[in-house]
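Just so it is clear: chains get the letters A, B, ... in the order the sequence lines come, proteins before strands, and each one is counted from 1.
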Number of protein chains: 2
Amino acid sequence: MTSARPYHHGNLRQAVLDRAAEVLRERGAASLSLREVTADIGVSHAAPRRYFADRQALLDALAADGFARLGLRLREAVESAPTFGDQVRAIADVYVAFAVSEANLLELMYAHGRGGDGPLVEARATEAFTPLLDVFRRDQARARRAPGEAERTGTLFLATLQGIAGLASCGVVAADQLDGLVDEAVARYGTGSAAAS
Amino acid sequence: MTSARPYHHGNLRQAVLDRAAEVLRERGAASLSLREVTADIGVSHAAPRRYFADRQALLDALAADGFARLGLRLREAVESAPTFGDQVRAIADVYVAFAVSEANLLELMYAHGRGGDGPLVEARATEAFTPLLDVFRRDQARARRAPGEAERTGTLFLATLQGIAGLASCGVVAADQLDGLVDEAVARYGTGSAAAS
DNA sequence: CAACATAGTTGTCACTGGATACATTGCCTG
DNA sequence: CAGGCAATGTATCCAGTGACAACTATGTTG
């Protein structure tokens with residue numbers, strides 16, 4: 001292992017993704033340089049080209065991975081919560097935690113939609129939000145509501161969480177206000193049809 | 001004073017800002033090149049250095065200007081609406097319209113907070129949102145609520161609007177869902193102290 | 001072992017942004 | 001009104017970056 005690095009890295013694609021994710025988290029997508037990443041890994045500057053056609057492809061992969069991880073966490077959160085209210089609470093906690101700790105990644109994930117080219121990313125995005133919307137769909141099934149209201153409420157809840165996290169990331173919302181905002185959002189959206197009380 | 005002299009541009013700073021705003025709107029901050037802007041204006045690429053120390057300074061100025069314009073529109077919206085509900089409605093319309101039509105600018109405005117350096121921008125941001133929060137503060141004054149609740153509700157409303165616009169910009173929310181979401185947000189936050197329901 | 005496919009390297013080019021030395025203009029003072 | 005001087009714009013150079021093409025090392029297979 002201390003011998004000269006083998007010609008074949010063996011897992012270069014993943015190594016590039018890992019290091020790029022670190023840089024992204026620390027300094028943002030704008031200052032993510034392919035050359036720096038390759039230098040850190042210890043390969044030549046053109047090595048990743050085989051796996052990522054260009055810089056944008058690497059960013060796409062990072063965004064897609066981000067959606068996959070976010071979706072997984074949302075799914076786990078929903079599955080581990082018994083009631084609608086608990087699920088809403090768990091979703092809020094998971095989403096805001098993700099959004100705050102990986103603010104740069106989330107920005108990349110969303111900024112990407114405007115770029116236009118990224119069918120994979122878009123698919124991952126809708127897939128990631130499915131568990132969230134399902135929570136509201138199931139709640140709607142228990143009550144009598146206008147069709148489509150679950151999607152609208154769920155999307156509005158998602159938008160609220162995203163907005164909270166965004167304002168927190170950019171400093172408009174102070175850190176000590178964050179929990180209170182999340183609490184209020186959960187209170188407003190988590191009562192659903194069951195807890196009309 | 002603004003007479004077109006062959007040598008002294010006379011209004012170079014504003015010309016750079018104007019052209020940069022166009023490029024930002026069309027193609028985003030990432031592909032905003034000082035050289036391209038100066039070429040479009042017809043001066044050399046180093047000319048703006050007198051006014052903008054570097055590229056980031058130009059972006060800062062654009063973001064600050066964006067907050068100023070957004071704040072102005074919010075203020076006008078509030079002043080032209082008589083009741084609390086109307087004001088909330090007007091704020092929502094103005095904010096979402098701004099966020100959708102100037103998505104790249106808004107991204108720059110928010111992304112900036114993370115950059116760290118920008119006291120001016122931060123001041124402009126809080127200033128821009130003052131009219132919005134004031135609307136909720138006045139509503140709170142009419143009702144008896146816990147102190148600070150107005151700020152929290154207002155901030156939550158702002159977060160919701162920002163989230164809606166963000167999801168719409170990146171395609172997670174389709175264009176034909178946008179109005180419905182805004183309507184529901186207004187319904188949820190615009191009833192204020194009057195409708196405790 | 002020879003031919004081939006795969007994985008990574010080297011070299012190069014175009015472009016971008018920052019820095020600096022220099023030129024031109026117009027004001028300002030003695 | 002002449003010479004200095006600051007404001008303004010120009011001409012160049014340098015470093016970093018992404019894209020691309022040609023080359024080389026390694027693994028695989030008949």
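Taking 4.0 Å as the cut-off between side-chain N and carboxylate O, R75(A) and E79(A) do not count as a salt-bridged pair. The pair E36(A)-R27(A) counts as a salt bridge, with a side-chain nitrogen and a carboxylate oxygen less than 4.0 angstrom apart. Comment: D134(A) engages R137(A) in a salt bridge, judged by a side-chain N to carboxylate O separation of less than 4.0 angstrom. Look at R152(B) and E149(B) and you find no salt bridge, because none of the NZ, NE, NH1 or NH2 atoms lies under 4.0 Å from a carboxylate O. A salt bridge links D139(A) with R142(A): at least one charged nitrogen is closer than 4.0 Å to a carboxylate oxygen.
Note: CZ (R55(B)) to C1' (dT16(C)) measures 9 Å, nearest angstrom. What separates CG of N11(A) from P of dA7(C) is a distance of 12 Å, to the nearest Å. Between L34(A) atom CG and dC20(D) atom C1' there is a gap of 13 Å when expressed in whole angstrom units. A straight line from CG of L12(A) to P of dT26(D) spans 16 Å, rounded to a whole angstrom. Taking atom CD on Q14(B) and atom C1' on dT8(D), their separation rounds to 18 Å, with Å as the unit.
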With 3.5 Å as the limit, what N/O pairs link the protein to nucleotides 20-22 of chain C?
none

Tabulate protein N/O versus nucleotide N/O from nucleotides 12-14 of chain C, keeping only pairs under 3.5 Å, one per line.
none

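Regarding contacts with the backbone of dG18(D), a side-chain N or O of S33(A) is found under 4.0 angstrom from either OP1 or OP2. Side-chain N/O atoms of S44(A) include none lying less than 4.0 angstrom from OP1 or OP2 on dT10(C). The phosphate of dA7(D) (OP1 or OP2) has no side-chain N or O of Y51(B) nearer than 4.0 angstrom.
Classification of the F129(B)-Y95(B) ring pair by plane angle, with boundaries at 30° and 60°, yields tilted.
Taking CD from E127(B) and CG from L70(B), the interatomic distance works out to 11.0 Å, rounded to the nearest 0.5 Å. Taking CG of L62(B) as the reference point, atom CG of L32(B) lies at 7.0 Å (rounded to 0.5 Å).
At a threshold of 4.0 angstrom between heavy atoms, the contacts of F52(A) with the nucleic acid are absent. Residue contacts for I41(B): at a heavy-atom cut-off of 4.0 Å it reaches no nucleic acid atom on any strand shown. Here L58(B) lies out of heavy-atom contact (under 4.0 Å) with every strand.
For the segment residues 16-30 of chain A, no residue has any heavy atom less than 4.0 angstrom from an atom of DNA chain C.
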Practice prompt. Could you walk me through whether D183(A) and R89(A) pass the salt bridge (charged side-chain N to carboxylate O under 4.0 Å, His left out) test, one step at a time?
Written response: CA-CA 8 Å; D183(A) 289 344; R89(A) 175 84 240 180; 2.8 Å; yes
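Remark: side-chain polar atoms of Q162(A) are not paired, donor with acceptor, to backbone N or O of G163(B) under 3.5 angstrom.
Ring to ring, F136(B) and Y189(B) are not that close: their centroids are 6.0 angstrom or more apart.
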